[in-house]
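Letters go in sequence order (proteins before strands), and every chain restarts at 1.
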Number of protein chains: 2
Amino acid sequence: MNDNYQLLRRHFEELVELTDEEWDFIRPHFKDKKLKKRQFLIQTGQQVEHEYWIIKGLLKSYAIDEKGNEHILQFALEQYWVSDYNAFQNQQPASIYVDCIEDSEFFALSLESREIICKEVPAIANFFRLKSNNGFVSLQKRILSLLTQTAEERYHALEEKLPHLIQRVPKKLIAAYLGVSRETLSRFKL
Amino acid sequence: MNDNYQLLRRHFEELVELTDEEWDFIRPHFKDKKLKKRQFLIQTGQQVEHEYWIIKGLLKSYAIDEKGNEHILQFALEQYWVSDYNAFQNQQPASIYVDCIEDSEFFALSLESREIICKEVPAIANFFRLKSNNGFVSLQKRILSLLTQTAEERYHALEEKLPHLIQRVPKKLIAAYLGVSRETLSRFKL
DNA sequence: TATTTTTTGTGACCTATATCACACCTAAAG
DNA sequence: CTTTAGGTGTGATATAGGTCACAAAAAATA
């Protein structure tokens, strides 16, 4: 339990420095939460009061289109942050789902808590700024991959980037992430 | 000229509050720059020392694939920020191009300047954090549109979001942004 | 104005990927 | 164990969209 907070502190310290006093101030703002496989962290229409840092487990954030097809925005692994950021930041009803692919454990941070710790501890504001910048860059890369690569090339790129993930989740979810049908995905590989 | 700085100040003040002293501190970090149509702001391989706030004009940021096709990441209009953020933040060689679709004018902010003003003026750190969060959310929406919509649906969505833009740039650039060939784009519309 | 370059439309044809249908297999649940 | 629900592979066929080719229109430049 305590170890998990240590993990979180180290996560912050990958990008910024924190004094013990600063850490003591921010630590209580993170609330532990656990969910089992197939349980929802966020559902469309709901208010989104938190963002979550994943201690253990695996989740997916996704939208469902009119035809009922699932389209995955993000696979969220250990040490990742996840939420419906549009809903969270702009305090609007959620427009995506987030649920657990495996039993998972997180730290929940509310919007008020985030604003408080960002205000009181400039290093944390910087952490979130840098984190968000990195997230922005990752999404740009994904957009370029959707614009420039074939589904098969995207599959191989993912295989290279997160080899572990492909073993860990059903192929149909990989397909829903890559933007290709399960059948077509099953026809490439090798 | 002075007016442009006023515009920038107002742009910051859409998200955060600034005192006159804070503004006087940050203002000199923004350097005026102008380019004409077809000139490059950033080219692949170059070091990227600045991000830019657009006072006037229109630019595109894009990648070129092996077949020589252009894929547009962003159209950057007045009041938008643009750079190769991966290259800028991680101080790596640029992997995209940014050039002017129209004669343009910007304020350039160096990475050092950004870090200085973020450190000295917490409101500015917050501004960039919020801005980056919003950018992240926009890119997520674009990814979802690429995953869930047909090219024609994406065209109509863009038409609705930025009607003005469609008049302002050649259709082949709209096609390069939507991820569709110019011929196919020319076949929908109405 | 004349001339070159860029943009746009449209036909003919091709290809990646979607969809539907079914069989098999594996893993969880009773 | 046995049963049920997911997960996976593969054929047959349909379709959105790509590619190539050419001509007309519009815009930039001389």
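The CD atom of A:Gln39 sits 11.0 Å away from atom CG of A:Leu59, with the distance rounded to the nearest 0.5 Å. Note: B:Arg114 CZ to B:Phe30 CZ = 10.0 Å, rounded to the nearest 0.5 Å. Here CG of A:Leu18 is found 5.0 Å from CD1 of A:Ile124. Values are rounded to the nearest 0.5 Å. Distance check, rounded to the nearest 0.5 Å: CG of B:Leu109 to CD of B:Glu49 gives 12.5 Å.
Put simply, CD1 on B:Ile101 is 17 Å from P on D:dA27, counting in whole angstrom units. Atom CG of A:Leu173 is separated from atom C1' of D:dT8 by 13 Å (rounded to the nearest Å). Atom CD1 in A:Ile166 sits about 16 Å away from atom C1' in D:dT8, given to the nearest Å. Rounded to whole Å, the distance from CG on B:Leu178 to P on D:dG18 is 11 Å. In this structure, NZ of B:Lys172 is placed 15 Å from C1' of C:dG9, rounded to the nearest angstrom. Rounding to whole angstrom units, CD of residue B:Gln149 and P of D:dA16 are separated by 16 Å. What separates NE2 of A:His71 from P of C:dT17 is a distance of 16 Å, to the nearest Å. Computed from coordinates, the B:Leu147 CG to C:dT17 P distance equals 14 Å when rounded to whole Å.
For the pair A:Lys33 and A:Glu105, the salt-bridge criterion is not met [side-chain N within less than 4.0 Å of a carboxylate O]. Classification of B:Lys119 and B:Glu115 as a salt-bridged pair fails, no side-chain N sitting under 4.0 Å from a carboxylate O. Under the 4.0 Å criterion applied to side-chain N and carboxylate O atoms, A:Arg9 and A:Glu13 are assigned as salt-bridge partners.
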Inset, instruction - Output, in order, the C-alpha distance, side-chain angles, deciding distance and verdict of salt bridge (Lys or Arg N to Asp or Glu O under 4.0 Å) for B:Asp99 and B:Lys60. - result: CA-CA 6 Å; B:Asp99 70 24; B:Lys60 61 188 203 290; 2.9 Å; yes
Inset, instruction - Could you give me the CA-CA distance, side-chain angles and deciding distance for A:Glu102 and A:Arg168, then say whether salt bridge (Lys or Arg N to Asp or Glu O under 4.0 Å) is met? - result: CA-CA 9 Å; A:Glu102 302 173 359; A:Arg168 213 167 151 185; 2.8 Å; yes
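Taking every side-chain heavy atom of B:Arg38 into account, C:dT6 is the closest of C:dT6, C:dT17, D:dT8.
A cation-pi arrangement, defined by a distance under 6.0 Å to the six-membered ring centre and an angle within 45 degrees of its axis, is absent between A:Arg154 and A:Tyr177.
Below 30°, between 30° and 60°, or above 60°: for A:Phe88 and A:Tyr85 the angle between ring planes is above 60°, a perpendicular geometry.
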Protein-nucleic acid N or O pairs under 3.5 Å, nucleotides 23-25 of chain D:
none

Legend entry - Protein-to-nucleotide contact annotation, 5' to 3' order, nucleotides 18-30 of chain C [B base; S sugar-phosphate only; - none; under 4.0 Å, heavy atom]: BBB----------
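Note on the helix from C:dT1-D:dA30 to C:dG30-D:dC1: terminal axis deviation equals 60°, with five pairs used at each end and the result rounded to 10°.
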